[in-house]
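Step one of this worksheet: look at the structure below.
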Amino acid sequence: MLITDNNLINIEKFIIRNSKRTIKFNNRFCIDSRKIKSGQIFISVDSDKSKNFKNIKDAILNGASGFVSQFIFKRKDLKTSLPFYVQTNLNNIYYELFLVDLKRYKHRAKTIGITGTNGKTSSILLLAQSLTHLKKKVGVITSEGCGLYPSLDNNEYTTPPIDIIYKYYTNFVYKKYDYIIIECSSQGLHQGRVKGLLFDYACITNIHSDHLDYHKTIKNYTDSKLLILKQCKKAILNYDSSLLIKNNFNEYRNTDFFYFSIMSGKSKKILSKYNKDNIYIHNKIINLDMNKKKYFNIYSLLMICSLLKLENYSVRLINSSIRSLSRLLGRRQVIETKNKGTFIIDYAHTIQSYKDIYKDFKSSDHITTLFGCGGDRDQSKRVMTAKIVDSNSSFSIITEDNSRTEKLNSIINKISSGFKNKKRYIAIESRKQAIKYLFINSSNKHTNFILGKGNENYLIKNNLKVKHNDIIYLSNLINKYES
């Protein structure tokens, strides 16, 4: 048997005996009652008994051939004669069922997990670019998409549910990819979506306050990020992130720690006490002109350099891969026009990401910022975001940005309270109209920031997705004007 725990052996036998035969064991069961296929066993993992009951009934209606649950239900209530298996500690062990297929393959891909408040997706895409330049096959699981880089399937999650993670991961291993990179959100780590995977490298880009609507406190948020350190061989951390470095890493005895920093001299000595084999990389290892550097976050580049150095690539090859990097759509994307100034489009939505982009794109020009804040999310950052925008802009436009189920007026009113001078901003609810207003009123010596949505293809209103893309809409305005 591939599973050694007796409970898991019994569940595996139950699945094999009562499901339709398939090449992959993973295809014999499903954890989502909405996606169950005829002949599959439903693994009901919800910890709420009533939801568990409902999900089982839905799975039965959708063609499940049996089910596994941690709760005992009466057949007369479920109105079924299907076989079932009860396992009390199911939530702690079910993820090991996904490992059955992986244990059959001899190939081992280097696995990299990347988390952090800012720069997760950018770091993954740039690292995938770098490794692809070095002739490696790279599988990625990220909010930008999943698949063999750069041909990615659409993905609606930052970190997908565990069944989707394992579906892609198993396929990457089966096809003998060299590297697998997974974007790990705080919620994804907290909910165990990457449970069971062992990372060769866990990279933490930084930690800043975010997602407090879910985690409630910055400590809970940080602790969720640090969960990745319990399932990795080597950790690569940003030494300049104060909220990250102040944590005690002594409990992670099975993990080797490495750090990168843009500081010099003094910090190099400080770093040396952590690990005699420390990776200390200063900007100078990156052979890029300063003009190009601002299009990428310096810490993303340093993280990539650190990982490649740990993988024993020479400085020459590291620099070659860094120089080969292409700019990412919607991430510090600069669009120059003939007579309407410069437009900078970015996903920035946290306090720190706003500070960073203003710092890296300092300008003596007239600066206009178009932005909004998401609904049903941490409300405390709305005023703080407005203050940062106000202090770095000549004028601002407040607009929609995934209002979800919250009233847009309420979001805008909260944001606007952060402005000192009410004459230095305007509120335009429609994002398209806001971008059009920005474009019409821009001129040669204007620098315009369009923040929050990047290259996303929709806005979420009342939990419905409305088609919209900042880059495409702005490009159409520019083409129409310049033609």
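In this chain, numbering begins with 1 at the start of the sequence shown.
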Query raised in the report: Would you say D240's side chain and S261's backbone share a donor-acceptor pair under 3.5 angstrom?
Result: no

**Report entry** Six-ring centre of Y179, K136 cation under 6.0 angstrom, axis tolerance 45°
**Finding:** no

Query - Y354 and F371 aromatic ring geometry - parallel, tilted or perpendicular at 30°/60° bounds - result: perpendicular

Report task. Go through Q40 and K35 one step at a time and tell me if the side-chain contact (heavy atoms from CB on, under 4.5 Å) criterion holds. Result -> CA-CA 10 Å; Q40 284 185 320; K35 298 178 182 176; over 6 Å; no

Query raised in the report: Of Y85, F29, F84, which meets ring pair (Phe, Tyr, Trp, His ring centres under 6.0 Å) against F67?
Result: F84

Report task. Describe, in one word, how the ring planes of H190 and H215 are oriented to each other, choosing from parallel (under 30°), tilted (30 to 60°) and perpendicular (over 60°). Result -> perpendicular

Query raised in the report: Are the charged groups of D178 and K135 less than 4.0 angstrom apart, N to O?
Result: no

Report task. Verify the ring-centre separation between F73 and F53: is it less than 6.0 angstrom? Result -> yes

Report task. Return the orientation label for the Y94 and F98 ring planes: parallel under 30°, perpendicular over 60°, tilted otherwise. Result -> perpendicular

Query raised in the report: If only atom types and distance count, is the side chain of S122 paired as donor or acceptor with the main-chain N or O of G119 below 3.5 Å?
Result: no

Report summary line: The side chain to side chain contact (heavy atoms under 4.5 Å, CB included) partner of V194 among L189, T115, T111, I162 is L189

**Report entry** Distance-only donor-acceptor check, side chains S123 and S300, under 3.5 Å
**Finding:** yes

**Report entry** Lys NZ or Arg CZ of R331 over Y347 ring: under 6.0 Å, within 45°
**Finding:** yes

Query raised in the report: Are K234 and F199 in a cation-pi contact, defined as NZ or CZ under 6.0 Å from the six-membered ring centre and within 45° of the axis?
Result: no

Query raised in the report: Judged by atom type as modelled, is there a donor-acceptor pair below 3.5 Å linking the side chain of S185 to the main-chain atoms of T158?
Result: no

Query raised in the report: Without hydrogens or angle criteria, can the side chains of T117 and Y221 be said to hold a donor-acceptor pair below 3.5 Å?
Result: yes

Query raised in the report: So how far is it from L459 CG to L464 CG, rounded to the nearest 0.5 Å?
Result: 12.0 Å

Report task. For Q87 and N89, test the side chains for any donor-to-acceptor distance below 3.5 angstrom and give the result as yes or no. Result -> yes

**Report entry** Intermediate values then yes/no, salt bridge (Lys or Arg N to Asp or Glu O under 4.0 Å), D46 and K54
**Finding:** CA-CA 10 Å; D46 202 296; K54 180 183 182 302; over 6 Å; no

Query raised in the report: Nearest heavy-atom pair of Y458 and N402: which atoms, and what distance?
Result: O-OD1, 4.1 Å

